[in-house]
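For the numbers below, each heavy atom of this structure counts, side chains included, while hydrogens, waters and symmetry mates do not. In listed order, ligands and their atoms are each counted from 1.
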Amino acid sequence: MQRIGVLTSGGDSPGMNAAIRAVVRKAIYHGREIIGIKHGFAGFIEADMSPMNLGSVADIIHRGGTILHTARSEEFTTPEGRAKAYENVRRFGLQGLVIIGGDGSFRGGLQFYREYNIPVVCVPGTIDNDIPGTDYSIGFDTAVNNVVDAINKIRDTATSHERTFIIEVMGRRSGYIALAAGLAGGAETIMIPEHPTSIDEICRKLNRGYRRGKLHSIIIVAEGAASGLEVGAKIKEKTGFDTKVTILGHLQRGGTPTAYDRILASRMGAKAVEMLINGEKCKMVGIVSGEIVSVDLETVTAGKKELDMDMYHLAGILSI
Ligand code: ATP
């Protein structure tokens, strides 16, 4: 394993740069060459690739996004598209591939490994934290902190104006960001796709709180559970309370990665290179109970990450 390619794919997540830096520097530390592939699988197909050195990753550890850029590529989902990418594997002499991205990117990597037998190690980089086989994915911690910052600010105005605030957060089909940010931000209600909550139930809780003298409430809605705007309109209709809706959107994905995400990305990126050098072929790097581990990629792509329901119930108890 002399020459390794690295790409970022799918949605960007804060900490991807720290992962790229770790991949490049760990590979060079072991005397290997590293080729950076731009724009994910799209650049892989188009040969948008070039050698990286120690300087290519200088001054990026604190930057959000990804210096390699990312993209979604319809063409890579076709055998013809992947054949073009394989041509570039040969042309650039790649003997292994590190893919930093989400579950879709991993399915692409698995398919490519099956067809062309090129060793692939995936690194979970998505704010959604929806990848099985790992407790955390790179970017999740930063996204949660971004949401908590927003909750803190909204709480100031909520207390002053005696209003009900609805905050819609990202996560696609997963409620992890909503749950973690809701618990950390002290939200009264958290709506997640894994445990549907009816509007009537939320209104009953709001009314109970109002009778006890509670004058403001914060409701976190995961985008996969409901639309924040619809939830706000229905609550207003049923309770008459003044409701305001904030959709945080891409604010959650931006900004400098937290120390936790930088450390996680550094450990995972370095481990990915180590795994390729040690002859591992179709794997993902994960973190389980604080340990960096190697997980079978087939198991990851076939599985579904379960939400921590104990944490969800705890958030309910603490927000009474
Ligand atoms: P995020 O979680 O941030 O959305 P992701 O990696 O899940 O990231 P996707 O758009 O689902 O993002 O996937 C990224 C790319 O992976 C796709 O644009 C496509 O090129 C490739 N891909 C996804 N699924 C497959 C598949 N089954 N076979 C081949 N390639 C795939």
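Annotation: Phe41 is not in aromatic contact with Phe112 [ring centroid separation under 6.0 Å not met].
A salt bridge is defined here as a Lys NZ or Arg NE, NH1 or NH2 lying under 4.0 Å from an Asp or Glu carboxylate O, and Arg114 with Glu298 meets this definition.
The side-chain contact (heavy atoms from CB on, under 4.5 Å) search around Ala265 returns Ala18, Ala19, Ile138, not counting sequence neighbours.
Protein residues lining ligand 1, listed by chain and number: Ser9, Gly10, Gly11, Phe41, Arg72, Ser73, Phe76, Thr77, Arg82, Gly102, Asp103, Gly104, Ser105, Arg107, Gly108, Thr126, Arg172 [non-hydrogen atoms, distance under 4.0 Å].
Gly64 approaches Pro257 most closely through the heavy-atom pair N-CD, 3.9 Å.
Sorted by first and then second residue, the side chain to side chain donor-acceptor pair (under 3.5 Å) pairs involving residues 211-221 (not counting sequence neighbours) are Glu188-Lys214. Sorted by first and then second residue, the pairs that involve residues 45-55 and meet side chain to side chain donor-acceptor pair (under 3.5 Å), not counting sequence neighbours, are Asn53-Ser56.
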